[in-house]
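Taking it in order: structure first as structure tokens, then the write-up.
All of these numbers come straight from a predicted model, not from anything done at the bench.
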Protein chains: 2
Amino acid sequence: MFEEICPSTLLPFKVGGDKWAGMVLRCLEGGPRRYSELRVPLARISPKMLTQSLRSLERDGFVRRTEYADPARRVTYELTGLGRSLLEPLRAFCDWAEDHWDELLDARES
Amino acid sequence: MFEEICPSTLLPFKVGGDKWAGMVLRCLEGGPRRYSELRVPLARISPKMLTQSLRSLERDGFVRRTEYADPARRVTYELTGLGRSLLEPLRAFCDWAEDHWDELLDARES
DNA sequence: GAGCGTGGTTACCGATTGGATACCTTGGTA
DNA sequence: TACCAAGGTATCCAATCGGTAACCACGCTC
């Protein structure tokens with residue numbers, strides 16, 4: 001889903017309080033996801049970083065963690081209202097990056 | 001101009017390829033600025049970081065550095081077209097942060 | 001009872017970031 | 001002559017970031 005060099009890596013903005021936060025948020029766009037479900041689109045993330053990223057997004061009120069009482073372990077993560085509202089400017093950035101993709105590459109090469 | 005805790009520091013996004021890039025860009029919004037002029041609004045930046053930030057913004061095509069042939073040394077920095085186009089999504093972020101300032105503080109405290 | 005999946009944690013390590021401080025060169029000014 | 005401003009560099013250090021790898025508890029299934 002996210003390439004090794006995706007538009008956001010060319011931003012002069014590291015999109016992430018940590019490197020992954022932005023991608024994690026975008027992965028939650030479609031509704032609640034489990035820990036292991038997040039590891040699929042975020043193929044290159046280590047468990048450590050995913051936990052770290054989720055914890056800090058939770059602490060700051062962007063993501064809600066829900067642990068179910070199921071006998072088998074089940075935890076989901078979903079966007080809070082705050083988190084969802086942030087998707088809009090985030091998308092603006094991503095769109096910008098896609099629109100200027102070529103210019104960005106040109107500039108970086110020379 | 002930029003408080004110690006300004007909206008962007010509460011984003012889950014470090015707004016800056018480095019910490020300062022976003023602020024530097026916004027300082028250039030009003031037209032060309034000299035090195036020393038940038039140090040005023042960016043009160044807490046060290047010369048090293050300002051140089052570093054400017055160099056990387058220049059390398060990546062967001063900022064143009066102009067050295068004048070004046071006998072006295074004179075250098076200005078200004079936004080390129082690419083840099084200017086980035087202001088829009090950047091402002092979207094800043095606006096968002098201001099709108100959600102209280103929520104951000106609340107979330108961070110608890 | 002052996003192994004598997006879920007949802008992590010821990011330890012370790014190297015690379016990167018960012019801050020403080022001192023210093024430098026060129027030219028102008030008193 | 002001494003000093004000042006502009007536009008930086010150089011050096012050092014501490015903290016943070018991010019990756020690898022190993023491990024772990026719980027419940028389930030074979």
According to salt bridge (charged side-chain N to carboxylate O under 4.0 Å, His left out), who are the partners of B:Arg59, at least two apart in sequence or on a separate chain? none
Where does the chain B footprint on DNA chain C start and end, counting 5' to 3' with a 4.0 Å heavy-atom cut-off? C:dG18 to C:dG28
Applying side chain to side chain donor-acceptor pair (under 3.5 Å), name anything that partners B:Arg39, two or more places apart in sequence or on another chain. none
Which residues share a side chain to side chain contact (heavy atoms under 4.5 Å, CB included) with B:Arg91, sequence neighbours left out: B:Arg26, B:Glu29, B:Leu87
Double-helix bend of the helix from C:dG1-D:dC30 to C:dA30-D:dT1, axes at both ends from 5 pairs, round to 10°, gives 20°
Nearest-nucleotide 5' precedence on DNA chain D, A:Pro47 against A:Ala72: A:Pro47
Is there side-chain contact between B:Ile45 and B:Leu38, with at least one heavy-atom pair below 4.5 Å? no
Side chain to side chain donor-acceptor pair (under 3.5 Å) filter on A:Arg34, not counting sequence neighbours, yields none
Produce the list of close N/O pairs, under 3.5 Å, pairing protein atoms with atoms of nucleotides 12-19 of chain D; give distances to one decimal.
{"from": "D:dG18", "atom 1": "OP1", "to": "A:Lys19", "atom 2": "N", "distance (Å)": "3.3"}
{"from": "D:dG18", "atom 1": "N7", "to": "A:Lys48", "atom 2": "NZ", "distance (Å)": "3.1"}
{"from": "D:dG19", "atom 1": "OP1", "to": "A:Lys19", "atom 2": "NZ", "distance (Å)": "2.7"}
{"from": "D:dG19", "atom 1": "OP2", "to": "A:Trp20", "atom 2": "NE1", "distance (Å)": "3.4"}
{"from": "D:dG19", "atom 1": "N7", "to": "A:Lys48", "atom 2": "NZ", "distance (Å)": "3.0"}
{"from": "D:dG19", "atom 1": "O6", "to": "A:Lys48", "atom 2": "NZ", "distance (Å)": "2.1"}

Among pairs that include at least one residue of residues 73-90 of chain B, which meet salt bridge (charged side-chain N to carboxylate O under 4.0 Å, His left out), considering only residues two or more places apart or in two chains? B:Arg64-B:Glu78, B:Asp70-B:Arg74
Just jot down the side chain to side chain contact (heavy atoms under 4.5 Å, CB included) partners of B:Asp102, sequence neighbours excluded, or say none. none
Which residues pass the side chain to side chain donor-acceptor pair (under 3.5 Å) test with A:Ser85, sequence neighbours left out? B:Trp96, B:His100
Any side-chain heavy-atom pair of A:Val63 and A:Tyr77 under 4.5 Å: yes
Mind checking whether B:Leu54 and B:Phe62 have side chains closer than 4.5 Å, heavy atoms only? no
Table of protein N/O atoms under 3.5 Å from nucleotides 2-7 of chain D N/O atoms:
{"from": "D:dA6", "atom 1": "O3'", "to": "B:Arg34", "atom 2": "NH2", "distance (Å)": "3.1"}
{"from": "D:dG7", "atom 1": "OP1", "to": "B:Arg34", "atom 2": "NE", "distance (Å)": "3.2"}
{"from": "D:dG7", "atom 1": "OP1", "to": "B:Arg34", "atom 2": "NH2", "distance (Å)": "3.1"}
{"from": "D:dG7", "atom 1": "OP1", "to": "B:Val75", "atom 2": "N", "distance (Å)": "3.2"}
{"from": "D:dG7", "atom 1": "OP2", "to": "B:Ser36", "atom 2": "N", "distance (Å)": "3.2"}
{"from": "D:dG7", "atom 1": "OP2", "to": "B:Ser36", "atom 2": "OG", "distance (Å)": "2.8"}

How about B:Pro32 and B:Thr66: do any of their side-chain heavy atoms sit closer than 4.5 Å? no
Does a side-chain heavy-atom distance below 4.5 Å link B:Leu28 with B:Leu57? no
